Amino acid sequence: MARHNREGHGADQRGFEYGVEFQPDWLRQVKVTRQLETGRQSTKTLFRNPSRPQAEPGERVRTRIVSSDQSLDFEVVVADPKAAVRRIRISYALPDPAGVREEEVEFTLEAEGAR
């Protein structure tokens, strides 16, 4: 059985702060990908789990990411009875501060066994 969820934090390419609630026996890291003003894409490790798994993951994968700076708040829960999920990608639409367009930000949740 997996341990109780933990909390961590990190910052992205633009300095926005994030909180991460995660299952320590499943999550290895969270990456965030954004389009830069130059048109290039940038990926940064937002959070890395500081502990090593001490138990087998449970039957559900659960992670929540919050950024009050951006009014961002989502939670992903995936039933995974065979412990086979290695990576989850979430595409999140953020409104542009000027209200001109949306910005799409991608979060990648990677399991301990993901390569």
Side-chain angles (χ1 to χ4, degrees):
M1 173 169 258
R3 292 179 288 160
H4 295 298
N5 282 6
R6 303 284 190 259
E7 294 183 6
H9 62 281
D12 70 6
Q13 302 90 324
R14 296 191 178 156
F16 291 114
E17 295 288 328
Y18 295 83
V20 180
E21 294 177 17
F22 64 99
Q23 293 172 302
D25 294 319
W26 183 83
L27 186 71
R28 179 174 53 120
Q29 65 183 4
V30 176
K31 293 181 179 181
V32 60
T33 302
R34 297 184 96 113
Q35 293 293 330
L36 301 176
E37 291 79 17
T38 62
R40 295 180 57 117
Q41 190 178 60
S42 173
T43 300
K44 180 180 179 193
T45 300
L46 178 66
F47 171 79
R48 192 177 313 269
N49 185 350
S51 64
R52 287 284 180 223
Q54 296 177 2
E56 290 296 314
E59 291 188 5
R60 287 198 178 137
V61 173
R62 180 186 171 282
T63 304
R64 181 178 182 204
I65 298 178
V66 178
S67 174
S68 58
D69 297 340
Q70 301 171 95
S71 298
L72 178 147
D73 186 349
F74 69 87
E75 180 176 49
V76 176
V77 180
V78 177
D80 184 23
K82 295 184 180 181
V85 173
R86 298 290 179 250
R87 183 174 290 115
I88 301 170
R89 289 194 176 122
I90 299 102
S91 178
Y92 196 94
L94 287 168
D96 180 278
V100 180
R101 62 179 178 85
E102 283 186 344
E103 177 184 17
E104 187 174 329
V105 179
E106 184 176 281
F107 297 88
T108 305
L109 313 176
E110 293 184 354
E112 266 304 315
R115 290 183 167 63

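One is the number of the first residue; the rest follow in order along the sequence. Here the structure is a predicted model, which means the values were calculated and not measured.
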Do [X] side-chain atoms and [Y] backbone N/O form a donor-acceptor pair below 3.5 Å?
X     : Y     : value
Asp69 : Phe16 : no
Arg86 : Ala83 : yes
Thr45 : Lys31 : no

- Message: Are Val66 and Leu46 connected into the same hydrophobic cluster when the rule is that any two of I, L, V, M, F, W, Y join if their side-chain heavy atoms are below 4.5 Å apart?
- Response: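 Looking at the clustering, Val66 is in a separate group from Leu46.
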- Item | Those residues that, when tested against Glu7, pass salt bridge (charged side-chain N to carboxylate O under 4.0 Å, His left out) (two or more places apart) |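 Partners of Glu7 by the salt bridge (charged side-chain N to carboxylate O under 4.0 Å, His left out) criterion come out as none, since no residue qualifies.
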- Exceeds 12 heavy-atom contacts within 6.0 angstrom, atom CZ of Arg14: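 More than 12 heavy atoms, drawn from other residues, nucleotides or ligands, come within 6.0 Å of this atom.
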Considering all heavy atoms, the nearest [X]-[Y] contact:
X     : Y      : value
Gln13 : Ser42  : NE2-O, 2.7 Å
Phe47 : Gly8   : CE1-CA, 3.6 Å
Val85 : Trp26  : O-NE1, 3.2 Å
Gln23 : Val61  : OE1-CA, 3.2 Å
Ser91 : Glu104 : OG-OE2, 2.5 Å
Pro57 : Asp25  : CG-O, 3.3 Å

In Å, rounded to the nearest 0.5 Å, how long is the span from [atom1] of [X] to [atom2] of [Y]?
X      : Y      : atom1 : atom2 : answer
Arg60  : Asp80  : CZ    : CG    : 11.5 Å
Glu21  : Arg6   : CD    : CZ    : 12.5 Å
Gln29  : Leu109 : CD    : CG    : 10.0 Å
Glu106 : Arg89  : CD    : CZ    : 5.5 Å

- Message: Let's go through Arg62 and Glu75 carefully: what are the C-alpha distance in whole Å and the side-chain angles of both, what is the deciding distance for side chain to side chain contact (heavy atoms under 4.5 Å, CB included) to 0.1 Å, and is it a yes or a no?
- Response: CA-CA 7 Å; Arg62 180 186 171 282; Glu75 180 176 49; 2.5 Å; yes
- Task: Let me see the working for Lys44 and Arg34 under side chain to side chain contact (heavy atoms under 4.5 Å, CB included), right down to the final yes or no.
- Result: CA-CA 9 Å; Lys44 180 180 179 193; Arg34 297 184 96 113; over 6 Å; no
- Message: Can you tell me how the ring of Phe107 sits relative to the ring of Tyr92, calling it parallel under 30°, perpendicular over 60° and tilted otherwise?
- Response: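 Geometry flag for Tyr92 against Phe107: perpendicular rings.
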- Item | Matching residue for Arg64 among Val76, Asp73, Asn5 - test: side chain to side chain contact (heavy atoms under 4.5 Å, CB included) |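 Between Arg64 and the candidates, side chain to side chain contact (heavy atoms under 4.5 Å, CB included) is satisfied uniquely by Asp73.
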- Tell me, with the steps shown, if Val105 and Leu72 meet side chain to side chain contact (heavy atoms under 4.5 Å, CB included). CA-CA 11 Å; Val105 179; Leu72 178 147; 5.8 Å; no
